[in-house]
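From a predicted model like this one, the values you see are computed outputs, not experimental measurements.
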Amino acid sequence: MTIWTPRFLSVLRIVAALLFLEHGLMKLFHFPIAQPGVPDPLPPMLMTAGTIELVLGTLLILGLFTRVAAFLASGEMAAAYFLGHLPYGFWPGVNGGGEAILYCFLFFYIFLAGAGPLSIDALRTVSSESFGKQNGSGPDQ
């Protein structure tokens, strides 16, 4: 089973990022529908949140600059919980913040674990290691 762990990390990253990206698309472009409960036109804070979700979601799907993107996405979700949900009650089931908490911890895990093998980051690492070996500066030299 451990052979699947790194691959599933990549799948988890991609699926979470697709769902995260959808929130940005719903806020900014009303795709596939306008995000329920979000005012139109968007206030500046939600415009910023939608832009962050769009950019970071795309980076996370691709696995590009994954650790930075995941750290920032985790922080955005923490802010979303404390600013957007906590004022409506302590319990996530009551204030609707369960998804924000889950995203926060999921993206923090991805920040710690990295992108996994199915990512541009993994390709960049392999490419830079190969380049170093060709120029005599690799670890085997």
Side-chain angles (χ1 to χ4, degrees), residues 1-135 137-141:
M1 287 299 218
T2 58
I3 192 169
W4 291 102
T5 302
R7 293 179 186 124
F8 196 76
L9 170 61
S10 293
V11 172
L12 178 66
R13 183 199 81 242
I14 292 166
V15 170
L18 283 168
L19 294 170
F20 190 64
L21 174 68
E22 183 183 34
H23 286 282
L25 291 171
M26 290 170 72
K27 284 182 186 84
L28 298 175
F29 302 111
H30 298 178
F31 178 80
I33 63 169
Q35 188 164 1
V38 174
D40 191 25
L42 287 175
M45 185 169 17
L46 290 179
M47 181 71 80
T48 302
T51 303
I52 289 169
E53 291 158 5
L54 190 69
V55 172
L56 297 181
T58 301
L59 289 173
L60 287 165
I61 289 166
L62 297 172
L64 180 62
F65 307 116
T66 303
R67 289 183 191 268
V68 172
F71 184 78
L72 295 172
S74 176
E76 187 215 358
M77 289 294 93
Y81 181 76
F82 286 109
L83 298 175
H85 297 281
L86 192 59
Y88 297 101
F90 177 75
W91 302 107
V94 174
N95 68 26
E99 192 174 9
I101 293 170
L102 189 57
Y103 274 132
C104 178
F105 281 89
L106 177 62
F107 289 136
F108 198 75
Y109 171 72
I110 292 169
F111 161 67
L112 295 173
L118 306 174
S119 66
I120 293 175
D121 287 344
L123 292 173
R124 290 174 47 213
T125 301
V126 169
S127 175
S128 67
E129 288 174 0
S130 297
F131 180 75
K133 288 179 184 177
Q134 291 172 0
N135 291 319
S137 61
D140 296 336
Q141 301 298 325

Between [Y] and [X], is there a side-chain heavy-atom distance shorter than 4.5 Å?
X: Tyr81; Y: Leu86; answer: yes
X: Leu21; Y: Leu60; answer: no
X: Glu53; Y: Tyr103; answer: no
X: Met77; Y: Ser74; answer: no
X: Gln35; Y: Leu46; answer: no
X: Ile110; Y: Thr66; answer: yes
X: Leu9; Y: Tyr109; answer: yes

- Item | By ring-ring contact (aromatic ring centres under 6.0 Å, His included) - contacts of Phe29 (at least two apart) | none
Residue pair [X] / [Y]: nearest heavy atoms and the distance that separates them:
X: Cys104; Y: Ala78; result: SG-CB, 3.9 Å
X: Ala122; Y: Pro117; result: CB-O, 3.4 Å
X: Ile14; Y: Ile61; result: CG1-O, 3.7 Å
X: Pro32; Y: Met26; result: CD-CG, 3.9 Å

- Task: Give the ring-plane orientation class for Phe71 versus Phe111, where under 30° counts as parallel, over 60° as perpendicular and anything between as tilted.
- Result: tilted
- Message: Restricting to salt bridge (charged side-chain N to carboxylate O under 4.0 Å, His left out), what partner residues turn up for Arg7, sequence neighbours left out?
- Response: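 Salt bridge (charged side-chain N to carboxylate O under 4.0 Å, His left out) check on Arg7 returns nothing, list empty.
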